[in-house]
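In what follows, a structure is listed as structure tokens, so that the remarks can point back to it.
Per chain, numbering begins at 1; letters A, B, ... match sequence-line order. Below, each value reflects all heavy atoms present in this structure, side chains not excepted, and no hydrogens, waters or symmetry copies.
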Amino acid sequence: MERLGALIAMVRRALVARAIVRASGPIALASGVAVLVAAAMLPGLARAPWLALLVLGPLVGIVRARRDAPSEADIVLHLDQRLGAGAALVTAWECARAVRETPLATLRAALAALGTAEASEIRPRILARSSWLLGLAAGVWALVFVVPGPAPARVAEERHVRLANVDALRRIERLPEEARTPEERRSLDDAARKARALADDLHEGMEPRDALDRVASLRAQLEAARPHETAAERRARDAAVEALATEPALRDALAARDLEALDRAVERAAARREAADRERAREALQAAARAAAAAGDASLERSLLRRDALLERRARQAALARELLEAMPELRAEGMQRALTRLERDGEGDDLTRETVDAMREAWSRLSAEERRRFAEAVRDMQVAQNDVARDEAAAASDAPLSADELERRLREALANLDATGAQIARASTGAGGIPLAQQGAGQGNGQGQGAGNGQGNGQGQGAGQGNGQGQGNGNGQGNGQGGGDGPGPRGGETRVLADTGGPLVRVRPLADPGALPSSRVVMWESPEGQALPEGLAGGGATGQGVAGDVGAVERAGVPEEYQAQIRRFFEAP
Amino acid sequence: MTGTNDDLEGVHADVARLRAALGAVIVGQDAVIEEVLICLFAGGHALLEGAPGLGKTLLVRTLAEAMALRFSRIQFTPDLMPGDIVGTNVVVEDERGRKRFELARGPIFGQLVLADEINRATPKTQSALLEAMAEQTVTIAGTRHALEEPFFVLATENPIEMEGTYPLPEAQLDRFLFKVLVPQPDEDALVGILGRTTGRERSVAPRVIDGPRLLAIRARVRDVPVAEPILRYVARLVRASDPSHAGAAPTAKALLRYGAGVRAAQSLSLAAKVAALLAGRAHVSFADVRRVALPALRHRLIPGFEAEADGISTDMIVARLLDEVPEVPASVAAIAG
């Protein structure tokens, strides 16, 4: 019966093992899920110590096994049933416990049953239906160690990002300068502000997510500001591009919707055509000169050759002026274009040289964008032809072309003068002061009717060089401060004598004495060709006088129509 | 653990001889014979129920012949009086002319009593058997008389003719260890009966054991060990048949009006011991309990209205109870997992 004791012990061990397995599954699964969640929420949490939780299952299982341990009688009955002993085993076991004689037949039956007992037959089933929980728990625990978690230090580093190189954001700040419409400008201004703020934050350090969000927002805003082409616009552009097939530069500029490039291409195309026309004219002149020479008319031949030389000089000057204008795009304006046209049509001198243009380009490039803008605005307001300025400056200084340094210095002086003028205007507008009119009067006395501008020029110390600029009689008529102060004297600065014609084209001066306030109603007309005083104007002789209060005097004065508006604006100034 | 070599083999041999003796007269009915023998060796009484002519009386008479027991038969009729069973004092006159009372013993004073068609007598007469069956004594005119051992009552019932019968009260039914149903013989058995009963020769059972040997066997039966799990199984089975009990089986709750009692448990245990001996084992197994459950319980269960309305017999109810009550408790079943 020792065999019975061994079998009972085996059953007890199996029951303990089963209790451990059954308790370990759910507990290991629950603890595994809890640790997995904790590992996901706390990446820096150490995982290995949590393995101690796996001991809970076996402990609970052992406790349950001891608590629910079956009695020995139950185990013997279990063995009796499993072995098919027909209650012989349990009967013999009870007889033995009761110290009672066991029937021999019963004892034999019990021993026979024990003799055939196989451990595999009588061992209680250890794995239960819920044992799959163990596999699941093992998987969960494996996940606990598989799920990656960044190191805490790395997390701290990644919480803030710091960038020193923010060139892309700086480029966004400059985008408003290229805006084409007010709406686009406003949008780009806002984007520039955001880009500037983002660049500052990135320099100081900020959270990556915040930075990415702001970059994305900025990108969206820039994308929204980008002009979108409609289908109709696209069709129109395609048609225009197709029509410009013979002009590749125009076609490309139009295809790229680059209007500035288109303007330049148009100018270049026009210049090419004019140059071609000019060449054909020169060829015609040269042919005519040859014909005149062949006919024996030397005077006519010289005259024709002089015209040919003039045409060649104008072309060269115009090319240089155009090059200068392209180098100084901020100065593009309608007045400048007209001046260029006149230069090509009527220009005579050799004021513009290659050296001058190169020096101007170099000096212009040294100015900042803001300085260029201010200068261009000032020039535009004054309606002064750039070629005149350059030419007069060059003439006043010396025959040698100015260096880039000298030109830069003069440009900056001009800007300083503009600032001072602006300050005076500001004081005048606020009543704190103003431009001294008496001083203007003195200046005007020296100059022309455009003396107001000359007065400023004197006041600012512009010098005589600008006084020569009035010789054009056009831009000077504005007198926007560019005029010189040392004109011809009380009779005013005369307009420059036209070449080959002699004498001034027109003179306009105020009726009053030098220093008197200019007035649109008091003009003096003087015609160099001896043209009669227009009807309705008082006075006579070479310098007739207008009548005070006469309306329409400018129109009747025979002033070329293209100058009338300028003269009227001048005299209408308060 | 030591073993003792008892007379298990001798008992088994006697039983085998007794079966052979009965088989020489009784054709078929092996199950009936075995159940009757269980009652005989357990010291209980048997109630046989079957149609007339199935050999019930022959079985009892043959059993008496084989065991050399004094046989008596009581034919129960409605006018049968208790005195007709137990006997009475009668006035007798001796040679000198003096008169005196003398006990005229009734048929109950036999050792193997056949109470034929017991349900035809009145309850008063039927109750005359109670004392004899329970205490093996009878009281006549205030004098108590012990019945001779071994005392064994075999009562029969005819289930067909129910008119003019008096069904046995539950208390009296409970006195019977078994209620044995005598089935109709099959074809082979019937042929054998015809061959034995229609010829010139009459089969006579040989005497194989006597009264003292029967008492010795009964004593041996009492020594058969029954393990506690089996006793608990008997207890669970009996309690499960009681519909008033909280742990009653669903079948009992649904189909029974009254369940088995303590006598039923005693009958099961004792009959299981005999069954173990008859099977050649010295201990009782669960199978022995299941073997005797039907005859030991079928007359102790009172079916309810549902069972009677549905024609569910007590045999079917007992079978269901055996299915519903597990042999081993839940704690042992849990070990297997």
| query | So, the side chain of A:D74 versus the backbone of B:S331: is there a donor-acceptor pair under 3.5 Å, distance only? | reply | no
| Does B:R218 use its side chain to pair, donor to acceptor, with the backbone of B:L40 at less than 3.5 Å? |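 Yes, B:R218 side chain to B:L40 backbone: donor-acceptor pair under 3.5 Å.
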With a 4.5 Å heavy-atom cut-off, do [X] and [Y] have their side chains touching?
{"X": "A:P103", "Y": "B:L8", "answer": "no"}
{"X": "A:V144", "Y": "A:W50", "answer": "no"}
{"X": "B:L277", "Y": "B:F41", "answer": "no"}

Is chain B contacted by the side chain of [X], its backbone, both, or neither, given a heavy-atom distance below 4.5 Å?
{"X": "A:R82", "result": "side chain"}
{"X": "A:L77", "result": "both"}
{"X": "A:I126", "result": "neither"}
{"X": "A:R123", "result": "neither"}
{"X": "A:V76", "result": "neither"}
{"X": "A:A85", "result": "backbone"}

Under 4.5 Å from any heavy atom of chain A - which part of [X]:
{"X": "B:E327", "result": "side chain"}
{"X": "B:V224", "result": "neither"}
{"X": "B:I335", "result": "both"}
{"X": "B:A276", "result": "neither"}

| Near A:H203 NE2, under 6.0 Å, is it more than 12 heavy atoms from other residues, nucleotides or ligands? |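 Counting neighbours around NE2 of A:H203, 12 or fewer heavy atoms of other residues, nucleotides or ligands fall under 6.0 Å, so no.
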| task | Take the angle between the ring planes of B:F152 and B:H45 and call it parallel below 30°, perpendicular above 60°, tilted in between. | result |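 Parallel, since the angle between the ring planes stays under 30°.
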